Enquirer: 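My questions will all concern the structure given below.
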Amino acid sequence: MTDQPRRPTSLAVLTSGGDAPGMNAAVRAAVRTAIHRDVPIHAIREGYQGLVEGGDYIQPFRSVDVGGILHLGGTVIGTARSDDFRTPEGRQRAAHNLLDRGIDSLVVIGGDGTLTGADTFRREWPDLLAALVADGRIEQAVADAHPTLFLVGLVGSIDNDMFGTDMTIGADTALHRITEAMDALHSTAASHQRSFVVEVMGRHCGYLALMSGLAAGANWTFIPERPADAATWEQEMAESLRAGREQGRRQNMVVVAEGAHDTDGNPITAKRVQQVLEERLGEDTRVTILGHVQRGGAPSAFDRNLGTLCGHAAVELLLQADPDDEPQLIGIRENRIVPSPLMSNVEQTRQVAGTIADGDYDRAMQLRGGSFTESWDAFHTIVRAEPREPAPNARKLRLAILHGGGPAPGMNAAVRAAVRLGIDAGHTMLGVKRGFEGLAAGEVEELGWMAITGWTARGGAELATSRIKPHQAPLGTIARQLHKHDIDGLLMIGGWAGYEVAHALHTGRDRSGLDLPIVCLPASINNDLPGSELSIGTDTALNSIITNLDKIKESAVSTHRCFVVETMGRECGYLALMSGLASGAERLYLPEEGISLADLATDVDWLRKGFAAGKRLGLVIRGEGADPIYTTSFIHSLFERESQGLFDVRESILGHIQQGGSPSPFDRIQATRLAQRCVDHLIEHAEDGGAGSAMSGLQGGRTTFTDLGDFTELRHETAERPKHQTWMDMRPIAHVMARPELR
Ligand code: ADP
């Protein structure tokens with residue numbers, strides 16, 4: 001890196017290859033970050049073809065040009081396959097077009113083909129310039145002024161098939177589309193006791209097939225990385241599905257990745273699976289090929305935010321790049337936005353396809369990473385019609401599950417996974433109704449293998465929950481009930497109130513004589529729990545908020561309107577910040593920062609200036625716990641009173657819609673993953689008594705266990721949220737996205 005940051009004359013951004021939801025967020029973020037940094041930026045329409053054609057395909061973009069696009073699927077600047085760009089002549093024209101506009105820095109968004117093309121272009125750049133000088137098409141001075149093409153790549157692809165990022169932009173939305181379709185098929189399949197075979201995208205990558213299978217409760221799946229045994233798969237699948245029917249399962253659902261094949265390399269198509277089911281089971285079997293539906297629709301909250309964070313990071317990186325730096329790819333790894341060398345990522349991505357072609361499937365699974373293999377194993381346990389035989393002489397534990405705090409989507413998916421994985425490991429799983437209140441009343445019953453069938457897609461909490469706090473909870477009675485039912489370990493899947501009671505039971509164990517491990521699994525839409533960066537239910541709530549915000553924005557009949565919207569979250573601003581980022585809100589009021597009269601005066605002044613300068617729609621989000629006095633109604637009245645007729649104001653308090661609804665695929669998958677780890681933890685620490693008590697969590701992309709005794713230390717002194725919240729680092733980005741030029 002040089003000491004002095006580079007000042008490119010202009011940047012450009014393009015999208016290429018297959019379109020992916022979330023690309024618009026990335027383009028918007030790149031444009032607004034460049035403008036924030038006072039560097040001009042161009043958008044190139046129709047991908048590399050536009051770059052080769054030049055002319056109006058390459059346009060200077062202002063902040064306003066990327067307004068109102070966050071919620072749109074696909075890419076508004078267009079994408080195309082370009083054969084011209086594959087030729088040196090085409091790339092020479094492309095270089096000329098860039099130099100004509102003083103551009104030598106590119107943000108390229110696409111799949112591995114796109115990124116390979118970009119790298120070739122960058123490597124050839126000096127030769128292309130020399131040829132342009134030799135032909136007299138550019139001056140030597142122009143070539144000298146731009147000796148290097150600076151390049152940053154972002155991965156827009158629904159397949160989630162790239163190295164360098166744990167998630168590609170678009171994959172989460174595709175999972176939403178697939179899961180919605182599979183949920184819909186489930187109900188019709190169950191009504192008729194039918195079988196459905198669903199084909200999803202993924203030529204070399206089984207991510208969509210495996211994760212949608214896990215999320216939607218499919219009963220069998222085929223992926224390219226783990227081919228089914230050519231000699232036995234037909235019989236194995238048929239036997240497993242038949243056994244499920246015998247146990248009372250009303251529907252069978254099989255997911256097939258489009259690139260699935262057997263160990264001999266024969267394709268396993270949806271049609272073939274249908275034939276097998278009809279021949280071997282005599283089942284009425286229907287095939288659904290989801291096709292391009294998977295690419296479409298409004299991007300999920302995750303993809304909007306991933307696109308925004310990556311687009312922002314790409315421009316920041318370009319502005320600091322040194323000519324000797326390797327080009328980088330920006331992705332998300334372990335829940336952090338990070339750069340890594342572009343071409344080694346592309347090469348490793350290609351390696352997986354090569355490894356599958358060579359038949360080295362163990363290596364292919366290894367290259368996909370640990371959580372992929374773990375998900376594969378969990379899937380194969382959960383879909384069994386019956387548990388495996390327990391090991392002889394193994395100790396049979398009695399593990400109880402209950403909820404605490406408000407309901408959170410994904411709680412049922414967590415219970416389902418915990419019950420099946422616990423029983424399969426040879427233990428008795430007990431469900432407690434109505435949380436700690438129900439436990440005090442002895443509402444404990446055994447949950448069998450089939451008791452939780454169909455729970456994965458259900459919102460709310462089938463076991464019911466209770467918000468009882470420690471000072472209201474009869475801790476002695478609870479301890480006696482745990483003794484009475486001979487419980488060896490307790491899994492509390494819930495939110496703040498549940499954590500507090502679990503902690504009180506844990507710290508009071510000397511008095512009560514209750515000495516067993518208690519594990520808390522974070523499930524709360526508020527994302528306010530210590531020991532985890534993310535809690536189950538938050539993603540569903542975020543998606544519900546942004547879907548409603550999209551509608552609220554569309555309802556604006558007046559062309560000069562500001563909406564003041566209140567989100568849930570209690571004393572934690574996560575939902576307000578992340579929904580603000582994902583919906584393009586201009587101002588956010590968070591409990592962590594509070595609201596002052598001076599803030600409100602500045603904001604109303606800023607709104608007046610914005611509307612006077614041509615702004616048409618404003619969106620302000622207030623987290624419910626932001627301030628006890630400056631309520632949403634107060635802000636509404638204040639803004640309206642002070643608008644000087646430049647805009648009108650409407651308020652909307654979103655309320656309980658945020659807590660309900662079918663859980664998002666991400667919440668179902670994370671719930672399954674965490675529940676698996678929590679059950680393992682309880683089994684492993686059953687002998688340790690209270691010393692095994694922990695808060696489980698997802699931190700830096702990993703599953704972690706933090707001593708439950710640290711709850712007081714990790715929580716904020718007065719507010720119900722953790723002391724340290726990593727997501728607060730995203731606060732400045734939301735500020736940059738809110739029309740930098742209007743400040
Ligand atoms: P994706 O980016 O989704 O993988 P493609 O493989 O179709 O999609 O690539 C998109 C475009 O990138 C191609 O149409 C072509 O213009 C360009 N491209 C791909 N591979 C190369 C390459 N090896 N050299 C130059 N350009 C390439």
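When reading the values below, keep in mind they use all heavy atoms of this one structure, side chains included, and skip hydrogens, waters and symmetry mates. Remember, predicted model here, so these are calculated numbers, not experimental data. In listed order, ligands and their atoms are each counted from 1.
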Enquirer: CD of Glu334: more than 12 outside heavy atoms within 6.0 angstrom?
Expert: yes
Enquirer: Is the ring pair Tyr361/His261 parallel, tilted or perpendicular, if the boundaries are 30 and 60 degrees?
Expert: tilted
Enquirer: For Leu175 and Tyr207, which heavy atoms make the closest approach, and how far apart are they?
Expert: CD1-OH, 3.9 Å
Enquirer: Can you list every protein residue that has a heavy atom under 4.0 Å from any atom of ligand 1, sorted by chain and residue number?
Expert: Ser16, Gly17, Gly18, Tyr48, Arg81, Ser82, Phe85, Arg86, Arg91, Gly111, Asp112, Gly113, Thr114, Thr116, Gly117
Enquirer: So which of Asp65, Asn24, Val27 actually passes side chain to side chain contact (heavy atoms under 4.5 Å, CB included) with Val76?
Expert: Asn24
Enquirer: I'd like to know if the side chain of Thr540 pairs up with that of Asp667 as donor and acceptor (distance under 3.5 Å, no hydrogens or angles considered).
Expert: yes
Enquirer: Is there any ring-ring contact (aromatic ring centres under 6.0 Å, His included) pair reaching into residues 99-133, and which pairs are they, with sequence neighbours excluded?
Expert: Phe85-Phe121, Phe121-Trp125
